[in-house]
Peer 1: 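Below you will find the structure I want to go over with you.
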Number of protein chains: 2
Amino acid sequence: MKEAQYKRVYNALNAQIAKKEFLEGDLLPSENLLTTQFGVARSVVRQALLELEKEGKIVKQQGKGSIVVPERKSLALLSVKGFSQVVGAERKINTIMLQNPIKRKWDGVFFFPLSEKELAADCFYLKRLRLVDNQTVMLENTYLPDLYLEDFLTQKFVDGSLFQLLKSQYNIEIKGVEQELRAINAEVDLATNLAIEPNQAVLHVQRKYITNKKDFFIYSSLFCNTHNYSFSNIIKT
Amino acid sequence: MKEAQYKRVYNALNAQIAKKEFLEGDLLPSENLLTTQFGVARSVVRQALLELEKEGKIVKQQGKGSIVVPERKSLALLSVKGFSQVVGAERKINTIMLQNPIKRKWDGVFFFPLSEKELAADCFYLKRLRLVDNQTVMLENTYLPDLYLEDFLTQKFVDGSLFQLLKSQYNIEIKGVEQELRAINAEVDLATNLAIEPNQAVLHVQRKYITNKKDFFIYSSLFCNTHNYSFSNIIKT
DNA sequence: CAGTGGTCTAGACCACTAA
DNA sequence: TAGTGGTCTAGACCACTGT
């Protein structure tokens, strides 16, 4: 099971952009050139560029080329990447574990419908507070069904990243996310955690992550303080 | 400039799903079958299915097929589709024009950086209130640079849809959107418009639409009442 | 005009699912 | 094991951009 070629091309280009080897406004090498550089078919190059475009790192323009776009200033949080990856290297991030992972029953009324298989299993629950440059930006409640996760409670998080742990220990990859957004007024408890005044507006995001394991989903309920950082995303047709 | 084949395939499948010719959980015909049905190469079929997948209408599963997923109950508003298209046919929608289109100067501090070309032109501004099943869900301020839009102020909206007007009259198509989200507490004016109490939490979305015309962008500032309807989206890696 | 990305063809092999 | 979607090749022509 070796890595796909287009991922190899994607990773190479992504790294070059991150290392500022291409600056904002620069054109990437043309598709034909990349084809010869990496020794792959053009469709493979295009698949790699498509990924970069979906993530908003380049824009393509017919007749011109693939243009590197400026790094985003706001948090690209409405994406499938884990928190550790969406916050640029420029910023200091911290995670405070308010509730270490425990095994428990599902809540009576869950925010997404659960399958029978999921309901039959217990769930792992963790509660984390996320900080960017020492400012509290997010409270995250995560629920994972106890289906493929042997010895989950004894695992050490890889760089504090749940997604990296799932990838390295269980070969579980995130393939997509379905999410619902609401603006809510913060209750006292929530306001305390987010270090804001009660009744302040908070962005509530309920997520269902799709993984490479069929029938295995991860659920998250996020409460975001958008006063200091806005949350952005990019969508292509 | 005839329509691309993959769009033809997409439109056909999309219509069949909308007409319930495929029910939730049904498998679409396999890619090889669609290839022969439409008389196109497999890559064309895959491109069409990719669109459907991005819109969350199907999920693909290796070894099994393309599965039709249930219609969304919440408003898929964080997508590039116009308001008229994201709200399912099941619901009644209304638009109240609070401010008919006028030509004016740009605001001094705009929420996205503007190019010199845009700043040199004036902008068209309109303010619309959006209702779903007679409930106020959104206040929308839209700004269009006066660059390609001849006689814009005298145009009649096609079914109340700005995007359809742009397509049919000016051949302008929306290719993507970049957006920032915040939760804010409603001021009195805003609360009145959205028919909620002052200080209630509201979802504020600032958008920059990318079009097929280079250097032509459309800007929108949305205020969403998420009490009755949540706003959803789906993202694929 | 040459070069770019957009679309398309007609194959091939692989990884996964279900019977 | 048969059939599915995932990846890949090696071409081709078209639409658009800038010179």
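Within every chain, numbering begins at 1; the chains are lettered A, B, ... in the order of the sequence lines, protein sequences first and strands thereafter.
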Peer 1: Sequence neighbours left out, what passes ring-ring contact (aromatic ring centres under 6.0 Å, His included) with F216(A)? Give chain and number order.
Peer 2: Y148(A)

Peer 1: Heavy atoms under 4.0 Å is the rule here; annotate nucleotides 4-11 of chain D 5' to 3' with B where the base is hit, S where only the sugar-phosphate is, and - elsewhere.
Peer 2: BBBBSB--

Peer 1: I'd like to check the salt bridge (Lys or Arg N to Asp or Glu O under 4.0 Å) partners of K213(A); sequence neighbours left out, ordered by chain and number.
Peer 2: none

Peer 1: Can you list every salt bridge (charged side-chain N to carboxylate O under 4.0 Å, His left out) pair that touches residues 100-116 of chain A, not counting sequence neighbours?
Peer 2: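 Checked against salt bridge (charged side-chain N to carboxylate O under 4.0 Å, His left out) - neighbours excluded - the pairs reaching residues 100-116 of chain A are K103(A)-D146(A), R104(A)-D107(A), K105(A)-D122(A).
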
Peer 1: Which residue pairs pass the salt bridge (charged side-chain N to carboxylate O under 4.0 Å, His left out) test when at least one of the two sits in residues 15-25 of chain A, sequence neighbours left out?
Peer 2: K19(A)-E21(A), K20(A)-E71(A)

Peer 1: From NZ of K214(B) over to C1' of dC16(D), roughly how many Å is that when rounded to an integer?
Peer 2: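 After rounding, the gap between these two atoms is 10 Å.
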
Peer 1: Can you measure K213(A) atom NZ to dA15(C) atom P for me and round it to whole angstrom units?
Peer 2: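 Spelled out: NZ on K213(A) to P on dA15(C) is 16 Å.
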
Peer 1: Which residues pass the ring-ring contact (aromatic ring centres under 6.0 Å, His included) test with Y229(A), sequence neighbours left out?
Peer 2: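 Counting only residues at least two positions away or on another chain, Y229(A) forms no ring-ring contact (aromatic ring centres under 6.0 Å, His included).
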
